Visitor: 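Before I ask anything, here is the structure I am working with.
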Amino acid sequence: MNGTIIKRDSRTDIPYGKAVDEFLGLENGMEGVDTSARSDKDVFMEVLEKTDRTFSQDLWQGFMKTYTKHLDAFKTSDVWRENVDACSFIDKLSKTDHKLSMITGELCIGAQYKLEKLGVWKHFPTGGFGEDGLKRFDIADTAFEKAKALYGQTYDEIYVIGDTCLDIKTARHLGAKVISITTGSNTREELKALEPDYIIDTFSEIEGLFI
């Protein structure tokens, strides 16, 4: 989601970082932690490990309350901005017969706040989120099962659109075609090395495939 639909930069994870610092009593607790293509829970567990704390459900639930507070505080700010022409592409795609599903390490509550800010949350009635699995393949498997249950269909062709090398691996795991966009944490060269079906800089380049 970040780097694909949402512009990824130093502001993107501010609410999460503030929640980590407040809840754990840290200063710059996220420093040195790579959040790219990871679940929010996995990231939280790494921060705990760095500070010699042991993960528990009570700690996690407490953090969730703090994180939700910060999401709400930033909901009208500019920390979440559209990545290139993602929103117009999603709007157009929503008017076709294609079935949309989200695969993200973001917790559902985080995805909702961020994508409501951009006006596209309504186009994703289902998906796999950070609470659906610790690792990306588990999240993707859950997203696929939820999509089949909601839409009542099997699929001859699936596309995964993402900005990381892990998104390419996830697409292959699902037996899907993959569209890599060069606006995230991996370079064009890194993406190209894994041979995605398409590499794009903007979504307008692939409108002809779907619209």
Side-chain angles (χ1 to χ4, degrees), residues 1-17 20 28-47 50 78-90 92-93 100-107 110-111 114-115 117-118 120 124 127-130 133-141 143-144 157-211:
M1 194 172 76
N2 296 325
T4 303
I5 300 174
I6 296 170
K7 182 178 176 63
R8 185 179 182 89
D9 61 18
S10 59
R11 286 183 283 178
T12 312
D13 293 324
I14 286 175
Y16 190 94
V20 164
N28 300 319
M30 292 292 292
E31 187 174 356
V33 178
D34 182 10
T35 63
S36 178
R38 296 175 64 190
S39 70
D40 282 345
K41 195 174 195 177
D42 192 32
V43 169
F44 182 69
M45 291 172 75
E46 180 179 336
V47 176
K50 284 175 57 181
D78 67 347
V79 294
W80 309 311
R81 286 143 289 123
E82 178 185 13
N83 182 50
V84 291
D85 55 343
C87 293
S88 61
F89 174 71
I90 293 168
K92 291 174 184 175
L93 200 56
L100 300 183
S101 178
M102 177 69 61
I103 301 173
T104 179
E106 289 275 351
L107 296 164
K114 295 178 180 187
L115 296 186
K117 172 66 165 55
L118 300 185
V120 296
F124 293 95
F129 301 92
L134 199 60
K135 301 300 182 182
R136 181 56 62 97
F137 284 10
D138 296 329
I139 293 170
D141 287 340
F144 192 31
E157 195 166 57
I158 308 165
Y159 283 85
V160 170
I161 305 174
D163 62 283
T164 70
C165 290
L166 184 54
D167 292 320
I168 299 173
K169 295 174 183 177
T170 300
R172 301 308 183 208
H173 170 73
L174 293 175
K177 292 184 177 180
V178 58
I179 299 169
S180 293
I181 189 162
T182 61
T183 52
S185 54
N186 286 116
T187 65
R188 175 181 286 273
E189 290 69 27
E190 289 170 335
L191 296 169
K192 188 175 181 180
L194 293 184
E195 300 182 339
D197 296 283
Y198 302 89
I199 299 182
I200 60 173
D201 300 310
T202 65
F203 290 93
S204 62
E205 297 171 50
I206 52 166
E207 283 190 2
L209 287 174
F210 304 106
I211 299 168

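FYI, side chains are in, hydrogens and waters are out, and symmetry mates aren't considered; it's all heavy atoms of this structure. Quick caveat, the model's predicted, so the values are computed rather than measured.
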Visitor: Between the side chains of T164 and D167, is a donor N or O closer than 3.5 angstrom to an acceptor N or O?
Guide: yes

Visitor: Contact between H173 and D141 at the side-chain level, heavy atoms closer than 4.5 Å - yes or no?
Guide: yes

Visitor: With a 4.5 Å cut-off on side-chain heavy atoms, are I168 and N186 touching?
Guide: no

Visitor: If you define the side chain from C-beta out and look only at heavy atoms, does anything of T104 sit under 4.5 Å from I139?
Guide: no

Visitor: Side chains of N2 and T12: do they bring a donor and an acceptor to under 3.5 Å?
Guide: no

Visitor: Can you list everything that forms a side chain to side chain donor-acceptor pair (under 3.5 Å) with N28? Sequence neighbours excluded, please.
Guide: none

Visitor: Using side-chain hydrogen bond (donor to acceptor under 3.5 Å, both in side chains) as the criterion, point out the one residue from D163, T187, D201 that pairs with T182.
Guide: D201

Visitor: Side chains of L209 and Y198: closer than 4.5 Å at any heavy-atom pair?
Guide: yes

Visitor: Got a donor-acceptor contact below 3.5 angstrom from the D40 side chain to the E106 backbone?
Guide: no

Visitor: Should L93 and E207 count as side-chain neighbours, where that means a heavy-atom distance under 4.5 Å?
Guide: no

Visitor: Charged N to carboxylate O below 4.0 Å: is that the case for D78 and K117?
Guide: no

Visitor: Assign the ring pair F203 / F89 to parallel, tilted or perpendicular, where the plane angle (0 to 90°) is split at 30° and 60°.
Guide: parallel

